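The structure that follows is given in the form of structure tokens.
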Amino acid sequence: MSIGYACLTIGVRDTDFKSCMLKNVSEAKLIELIGHNLHSLEKVIDYNLANRINLFRISSDLIPFGSSPANPLPWEEIFSAQLQQIGLKIKQSGMRVSMHPGQYTVLNSPDAGVVSRAMEDLTYHARVLDSLGTDVKHKIVLHIGGVYNDKEKAINRFISHCRQLDPAVKRRLVPENDDRSYSIEEVLEIGTRLKAPVVFDNLHHAINPSADKMSDADWIKQCQKTWQSGDGRQKIHYSQQNKEKKPGSHSDTIEINEFMHFYDSVAGDNLDVMLEVKDKNLSALKCINCTAADKSIKYLEKEWSRYKYTVLERSPAAYQEIRRLLRIKTEYPALAFYTTLEAALQSPLETGHAINAAQHVWGYFKDVATANEKETFLKNINHYQSGNTGNGSLKKYLWKMAVKYRCSYLLDAYYFIF
DNA sequence: TGACGTCAAGATCCG
DNA sequence: CGGATCTTGACGTCA
């Protein structure tokens with residue numbers, strides 16, 4: 001089983017994606033943006049490799065206006081060296097990538113213009129995966145689309161439009177159930193007719209269930225039948241409901257105990273699990289560390305190095321508890337570690353604890369900082385302590401110091417993110 | 001006609 | 001002027 005995340009990273013330097021508004025598009029601008037984004041993608045792939053993350057969804061925003069006439073550039077050729085280099089890293093590491101056009105790519109619309117733009121968009125996605133030199137196991141996941149008061153006709157339109165797609169798209173296309181219109185049962189029917197593999201999404205299924213009641217694990221087994229050996233391992237999407245938001249909203253983080261319950265229910269299946277969650281790579285690392293065969297405490301220590309000041313400012317008690325958990329180097333208390341971590345990150349921020357954590361971080365600079373810098377730090381502390389503001393600017397200042405003094409330990413810390 | 005979802009760009013405000 | 005915060009854009013469907 002591989003576990004992965006979608007599109008963006010949290011807390012990884014130089015992995016941001018840039019875009020521009022349609023009215024500001026120019027060739028020079030596009031070339032600058034594409035170059036920047038490919039550089040970011042390579043950094044993401046490097047990060048994934050260094051953190052044993054083998055599953056990743058590439059953002060549709062990689063090439064700005066990639067499916068629009070606004071971008072007529074032959075970017076595969078212009079950036080072929082960069083693309084090949086990234087593709088080589090993907091191939092040599094055995095990483096599996098995918099893409100997933102959003103809710104606005106609608107292949108089954110009754111509007112011919114919408115359909116032709118959807119086809120252009122799918123072609124663009126295949127161009128990206130082809131230009132990286134990835135084989136057809138690297139999929140493009142797509143929703144069925146709208147209903148238009150006649151689901152049978154809408155389904156038939158989806159199928160007939162799929163059959164008209166360029167083979168480069170068709171061989172990668174994988175339909176997925178959605179949370180309002182097409183249940184997993186309906187998508188399985190469509191996938192079977194198209195001989196296309198089907199992605200099961202657990203949260204969509206919970207909100208938009210099939211008439212035929214089965215457990216998630218059983219639906220996953222049904223979907224398994226649509227995956228041929230040439231398609232690679234069966235893929236599913238896994239997410240959890242954000243309890244503060246409306247049904248279907250993804251949670252901020254994957255609650256590890258809930259995930260493990262699900263994991264145990266599908267443990268016999270050979271699955272790739274794409275997480276859809278706000279904290280992206282952070283949850284992927286969490287789930288990987290709790291399920292990986294290699295149970296070396298060094299993976300938890302690495303996590304601790306990134307989380308520790310965030311935990312310290314939320315809960316000094318949890319900080320001590322995790323230090324205790326990680327003391328015995330022959331053990332691997334991954335579940336206890338992440339459970340304690342989750343609880344700590346949900347604790348309300350107390351000013352005193354936040355100042356204590358800030359002073360710990362300041363410890364990295366107190367011997368090298370100039371008199372002015374010390375004064376600025378104290379000013380920030382006092383300003384925060386006065387209670388008129390959050391500790392955002394205090395953290396920003398500490399971040400500036402970490403960059404200036406190239407404190408690599410701090411530069412990877414989640415403390416500056418949340 | 002606005003809500004839906006998503007992210008960064010652009011715009012505006014503030015000290 | 002820099003930094004913080006608010007608004008817009010880009011997409012299609014549905015109530």
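This is a predicted model, so every value here is computed, not measured. All chains are named by letter (A, B, ...) in the order of the sequence lines, taking the proteins before the strands, and each is independently numbered beginning at 1. Atom set for the values below is all heavy atoms of this structure, side chains included, hydrogens, waters and symmetry mates excluded.
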Measure CG/A:Leu33 against P/C:dA10 and give the value in whole Å, please.
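Rounding to the nearest Å, CG of A:Leu33 and P of C:dA10 are 14 Å apart.
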
Between A:Lys396 and C:dG3, is there a contact of a side-chain N or O with OP1 or OP2 at under 4.0 Å?
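Checking A:Lys396 against C:dG3: no side-chain N or O falls below 4.0 Å of OP1 or OP2.
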
Check the distance between C:dG3's P and A:His383's NE2 and give it to me in whole angstrom.
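Distance, rounded to whole Å: 16 Å.
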
Between A:Arg117 and C:dG12, is there a side-chain N or O to OP1/OP2 distance below 4.0 Å?
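True: A:Arg117 side-chain N/O within range (under 4.0 Å) of C:dG12 OP1/OP2.
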
In terms of the nearest nucleotide of DNA chain C, which residue is placed more toward the 5' end: A:Met21 or A:Lys400?
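Taking each residue's closest nucleotide, the earlier one in sequence belongs to A:Lys400.
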
Nearest to the A:Ser393 side chain among B:dC7, B:dG5, C:dA4, which nucleotide is it?
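Nearest to the side-chain atoms of A:Ser393, counting from C-beta on, is C:dA4.
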
Considering all heavy atoms of both residues, which atom of A:Lys286 and which atom of A:Ile254 are nearest to each other, and what is their separation?
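Where A:Lys286 meets A:Ile254 most closely, the heavy atoms are NZ-O, 2.7 Å.
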
B:dA9 C1' sits how many Å from A:Lys18 NZ, rounded?
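After rounding, the gap between these two atoms is 11 Å.
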
For the pair made of CD in A:Glu120 and P in C:dA10, what is the distance, rounded to whole Å?
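Going from A:Glu120 (CD) to C:dA10 (P), I get 19 Å.
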
Please verify the inter-ring angle class for A:Trp362 with A:Phe377; under 30° counts as parallel, over 60° as perpendicular, anything in between as tilted.
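Answer is parallel, since the angle falls under 30°.
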
Whole-Å distance between B:dG5 P and A:Arg180 CZ?
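So the CZ-P distance, A:Arg180 to B:dG5, works out to 9 Å.
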
So, is A:Asn24 near the phosphate of B:dG10, with a side-chain N or O under 4.0 Å from OP1 or OP2?
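Looking at the OP1 and OP2 atoms of B:dG10, one of them is under 4.0 Å from a side-chain N or O of A:Asn24.
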
Whole Å only: how far is the CG atom of A:Asp16 from the C1' atom of B:dA8?
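It is 10 Å, rounded to the nearest whole Å.
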
Options B:dT6, C:dC14, C:dG12, nucleotide nearest the side-chain atoms of A:His250:
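The closest nucleotide is B:dT6.
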
Report yes if at least one side-chain N or O of A:Tyr148 is closer than 4.0 Å to OP1 or OP2 of C:dT13; otherwise report no.
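A:Tyr148 to C:dT13 OP1/OP2: side-chain N or O found under 4.0 Å.
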
Reading DNA chain B from 5' onward, which residue's closest nucleotide shows up sooner: A:Leu8 or A:Lys23?
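Going by which nucleotide is closer to the 5' end, it is A:Leu8.
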
Is the A:His204 to A:His237 ring centre distance short of 6.0 Å?
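They do not qualify: ring centres at least 6.0 Å apart.
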
So what does A:Ser68 touch, heavy atoms closer than 4.0 Å: a base, only the sugar-phosphate, or nothing?
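Counting heavy atoms under 4.0 Å across all strands, no contact is made by A:Ser68.
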
In whole angstrom, give the distance that lies between atom OH of A:Tyr124 and atom C1' of C:dC11.
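So the two atoms are 14 Å apart, to the nearest Å.
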
Touch class at under 4.0 angstrom, heavy-atom based, for A:Lys278 against every strand present:
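The answer is sugar-phosphate, as A:Lys278 gets under 4.0 Å only of primed atoms, P, OP1 or OP2.
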
Classify the side-chain pair A:Ser249/A:Asn242 by whether it contains a donor and acceptor separated by less than 3.5 Å.
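A:Asn242 and A:Ser249 do not have a side-chain donor-acceptor pair below 3.5 Å.
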
Below 4.0 angstrom from OP1 or OP2 of C:dT13, is there any side-chain N or O of A:Ser109?
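Yes, within the criterion.
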
What is the distance, to the nearest angstrom, from the CG atom on A:Leu22 to the P atom on B:dG10?
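Nearest whole value for this atom pair: 12 Å.
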
Look at the rings of A:Tyr307 and A:Tyr414 and say which category their plane angle falls in: under 30° parallel, 30 to 60° tilted, over 60° perpendicular.
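Because their plane-to-plane angle is over 60°, the rings of A:Tyr307 and A:Tyr414 count as perpendicular.
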
Once you apply a heavy-atom cut-off of 4.0 Å, does A:Asp61 come out as touching a base, just sugar-phosphate, or nothing?
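Answer is nothing: A:Asp61 stays at 4.0 Å or more from every strand.
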
